[in-house]
Amino acid sequence: MMSTDPVPPAPTTAPASTPPHPRAALHARLLVWFDVHRRDLPWRAATATPWGVLVSEIMLQQTPVVRVEGPWTAWLERWPTPASLAAAPTDEVLRAWGRLGYPRRALRLQQCAAAIVERHDGVVPTAEADLLALPGVGSYTAAAVTAFAHGRRAVVLDTNVRRVLGRLTAGTALPRPHLTQEETRRADALVPGDDATSARWNIAVMELGALVCTARSPRCDDCPVRDLCAWRAAGYPADEHAAARRTQAWHGTDRQVRGRLMAALRDATGPLTREELVAVAGSGDEQAHRSLDSLVADGLVSGDAESFVLGR
DNA sequence: TACGCGTGGGA
DNA sequence: TTCCCAAGCGT
């Protein structure tokens, strides 16, 4: 685990004279704030299983909490265990995913369930390396399940934590597009050593980022650690790399067309012909065919030359 | 490493 | 209206 790696002295010009971050005050105030302001999300309930937590983390990848709550509840009622999801028809899995977006996640979640059945006897593994090896589980999700499902120490670094810690300790408005070693080192140094407190710390920082230290309009007046914030102390400097973070184009993309094709197939009661799908694509024929073929290549759609259905 | 991958709501 | 963003991952 990362925490067992020796941390070399920071190669700054004056490490010894740099005042340490008031770690104890930061921890105490943030944990108290979390106890008061934490949201009662269903996957945080005492009754939630590790599998439920894992499903929530996959659904929450790039998708807001408010849109996940409903589908998560229905999903867990229908497929309460990895084995039940692994045995489900893929088209039903994709329909249950609904409009959460990025439907490849649904496919990978089912593959993940199958891997848990095959490799771990149907039990969500506790070792972070075993979690990381599962389909659809990356470094964030492996750490999150370790912390939130198993209550063990992990360094959880999602977009919320990166933004909060970046502001608090580095004084930057927004994190860079890619996680840096320095960020990971700083985050690790702030995670408490014991399992129970570290899990609470991780979720508390995430919650602060979601509710107070938001990307667009941070509510600094409500922040319990504003007097410790380097970004605030520096006068809220603007994001230096705002120009570089160009927004992805959307209108007219294959992604948009794929979304329309998937929506049509989700809503259809039977197979759709290639002609029908080209018609709903709302694009040129070439893009429609290319998008449909890519959905087939991804395993989200199957069919012969004539007609197409969701899943395998 | 940079890019492709859905969807919908708020500023 | 347009743009930005929301608990990333795989290639």
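The sequence lines fix the lettering, A, B, ..., with proteins before strands; numbering per chain opens at 1.
Heavy atoms of A:Ile58 sit nowhere under 4.0 angstrom from any nucleic acid atom. At a threshold of 4.0 angstrom between heavy atoms, the contacts of A:Ser139 are confined to the sugar-phosphate backbone, with no base atom among them. When heavy atoms are screened at a 4.0 angstrom cut-off, A:Arg39 is found touching base atoms of the nucleic acid. Using a 4.0 Å heavy-atom cutoff across all strands shown, A:Ser56 reaches no nucleic acid atom at all. As judged by a 4.0 angstrom heavy-atom cut-off over every strand, A:Val68 is placed among residues making no nucleic acid contact. Within 4.0 Å of A:Ala144, counting heavy atoms only, lies no atom of the nucleic acid at all.
When the nearest nucleotides of DNA chain B are assigned to A:Gln61 and A:Val66 by heavy-atom distance, the more 5′-ward of the two goes with A:Gln61. Take the nearest nucleotide of DNA chain C for A:Leu41 and for A:Arg108: the residue whose nucleotide is more 5' is A:Leu41.
Distance from the side chain of A:Arg216 is smallest for C:dC4 among the nucleotides C:dC4, B:dC5, C:dA7. Here C:dA7 is the nucleotide among B:dT7, B:dC5, C:dA7 with the atom lying nearest to any side-chain atom of A:Tyr140. Comparing atom distances between the A:Asp254 side chain and each of B:dC5, C:dA7, C:dC9 picks out B:dC5 as nearest.
Under the 3.5 Å distance criterion, with hydrogens and angles disregarded, a donor-acceptor pair is assigned to the side chains of A:Thr63 and A:Arg105. Judged by distance alone, the side chains of A:Glu240 and A:Thr172 never bring a donor and an acceptor atom under 3.5 Å apart.
Put simply, CG on A:Leu54 is 11 Å from P on C:dC9, counting in whole angstrom units. Separating the CD atom of A:Gln62 from the C1' atom of C:dG8 is a distance of 5 Å, rounded to the nearest angstrom. Atoms CH2 (A:Trp97) and P (B:dG6) sit 11 Å apart, rounded to a whole Å. Per the geometry, OH belonging to A:Tyr102 stands 14 Å off P belonging to B:dC3, to the nearest Å. Rounded to whole angstrom, the span from the CG atom of A:Leu261 across to the P atom of B:dC5 amounts to 12 Å. With rounding to whole Å, A:Leu107 atom CG is found 17 Å from C:dC9 atom P. Atom-to-atom, CZ of A:Arg104 to P of B:dT7 comes out at 12 Å; the value is rounded to the nearest Å. Atom C1' of nucleotide C:dA7 and atom CD of A:Glu69 are separated by 13 Å, given to the nearest angstrom.
Residue-to-nucleotide contacts include a donor-acceptor pair under 3.5 Å from the side chain of A:Arg255 to the base of B:dG6. Applying the 3.5 Å distance criterion, the base of B:dG6 shares a donor-acceptor pair with the side chain of A:Thr63.
Applying the 4.0 Å criterion to OP1 and OP2 of B:dT7, one finds that A:Arg266 has a side-chain N or O inside that range. Taking side-chain N and O atoms only, A:Arg163 has a distance below 4.0 Å to OP1 or OP2 of C:dA6. Look at A:Arg67 and you won't find any side-chain N or O under 4.0 angstrom from OP1 or OP2 of B:dT7.
For B:dG8 and C:dC9, the P atoms lie 23 Å apart once the distance is rounded to whole Å. Distance noted for atom P between B:dG4 and C:dA7: 23 Å (whole Å).
A:Ala199 and A:Gly151 get closest at one heavy-atom pair: CB-CA, 4.3 Å.
When A:Arg176, A:His178, A:Arg162 are each tested for a side-chain hydrogen bond (donor to acceptor under 3.5 Å, both in side chains) with A:Glu183, only one passes: A:Arg162.
A:Arg163 contributes atom CZ, which lies 9.0 Å from atom CG of A:Leu208 (distance to the nearest 0.5 angstrom).
Using a 4.5 Å cut-off on side-chain heavy atoms (C-beta onward), A:Trp201 and A:Val161 make no contact.
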